Asker: 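Below is the structure I would like to discuss, written out as structure tokens.
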Amino acid sequence: MMPRYRVTLTALERQELEAMSKTGKTNARRFLYARALLLCDAGPQGTAWTVAATAEAMGVTTRTIEHLKKRFVEDGLSAALERKERESPRDVIFDGAFEARLIALACSDAPEGRRRWTVRLLAEKAVELQLAPTVSHMTVQRLLKKRT
């Protein structure tokens, strides 16, 4: 079966990847990807390992190697080694005003029949008071922990 994406490194790319994998100044993911690309190189200087053999040697899945090869072939070396940027920024639902109202709610008296507020009760009350459309109890916990 022919590989979907054929990695063929130029001499300069090969030299750059070898330098990256030999110095101790490269983070783990870049090091792993650099070594995997060197193993997958089907050029004149490369060893052209199979995807399965490369994945086993590097301790990752074959899917990881396929995605790496695809990024290299379609977008180039730098794109293969770097994490892709988010196309759209995350929506910030909980701003400072929400945090202030949540803290004020947590500092208020506990509901009838309760000794104190729990994070689950605070989350339910925040939705009930329409401070936010939805809120997780873990979000409430993180916001309160950040402010204490």
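Just so you know, these numbers come straight off a predicted model, no measurement behind them.
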Asker: Look up atom OH in Tyr5 and atom CG in Leu68, then write down how far apart they are to the nearest 0.5 Å.
Answerer: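 Rounded to the nearest 0.5 Å, the OH-CG separation comes to 12.5 Å.
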
Asker: Checking side chain to side chain contact (heavy atoms under 4.5 Å, CB included) for the pair Phe98/Val135: CA distance, chi angles, key distance, verdict?
Answerer: CA-CA 11 Å; Phe98 173 80; Val135 63; 4.0 Å; yes

Asker: Are any of the side-chain heavy atoms of Glu56 and Thr62 separated by less than 4.5 Å?
Answerer: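 No; the side chains remain at least 4.5 Å from each other.
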
Asker: Among the clusters formed by ILVMFWY side chains lying less than 4.5 Å apart, do Trp117 and Val127 turn up in the same one?
Answerer: yes

Asker: Take Asp75 and Lys70, measure what side chain to side chain contact (heavy atoms under 4.5 Å, CB included) needs, and give me the verdict at the end.
Answerer: CA-CA 8 Å; Asp75 302 324; Lys70 178 181 179 184; over 6 Å; no

Asker: Quick one, Leu38 with Ser21, criterion side chain to side chain contact (heavy atoms under 4.5 Å, CB included). Give me CA distance, side-chain angles, the key distance, then yes/no.
Answerer: CA-CA 10 Å; Leu38 286 169; Ser21 64; 4.0 Å; yes

Asker: According to salt bridge (Lys or Arg N to Asp or Glu O under 4.0 Å), who are the partners of Arg14, at least two apart in sequence or on a separate chain?
Answerer: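 Listed in chain order: Glu18, Asp41.
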
Asker: Tell me whether Val73 shares a hydrophobic cluster with Trp49, the cluster being built from Ile, Leu, Val, Met, Phe, Trp, Tyr side chains joined at under 4.5 Å.
Answerer: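 As far as the 4.5 Å side-chain criterion goes, Trp49 and Val73 are connected within one cluster.
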
Asker: Less than 4.5 Å apart, side chain to side chain, heavy atoms only: is that true for Phe94 and Arg142?
Answerer: no

Asker: Under 4.5 Å between any side-chain heavy atoms of Met58 and Leu39, yes or no?
Answerer: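 When only atoms from C-beta onward are counted, Leu39 and Met58 do touch, with a gap below 4.5 Å.
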
Asker: What about Tyr33 and Met20, same hydrophobic cluster or not, with Ile/Leu/Val/Met/Phe/Trp/Tyr joined at side-chain heavy-atom distances under 4.5 Å?
Answerer: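 Tyr33 and Met20: one cluster.
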
Asker: Applying side chain to side chain donor-acceptor pair (under 3.5 Å), which residue pairs with at least one partner in residues 123-132 are found, sequence neighbours left out?
Answerer: Lys125-Glu128

Asker: Would you mind reporting whether Leu129 and Leu105 have side-chain heavy atoms less than 4.5 Å apart?
Answerer: yes

Asker: Step by step, would you call Val60 with Thr54 a side chain to side chain contact (heavy atoms under 4.5 Å, CB included)?
Answerer: CA-CA 8 Å; Val60 295; Thr54 305; over 6 Å; no

Asker: Please round to the nearest 0.5 Å and tell me the distance separating atom OG of Ser78 and atom CZ of Arg71.
Answerer: 11.0 Å

Asker: I want to check something: taking the side chain as every heavy atom from C-beta on, are Leu143 and Val140 in contact at a cut-off of under 4.5 Å?
Answerer: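 They are not in side-chain contact.
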
Asker: In the structure I gave you, are the side-chain heavy atoms of Lys69 and Arg6 within less than 4.5 Å of one another anywhere?
Answerer: no

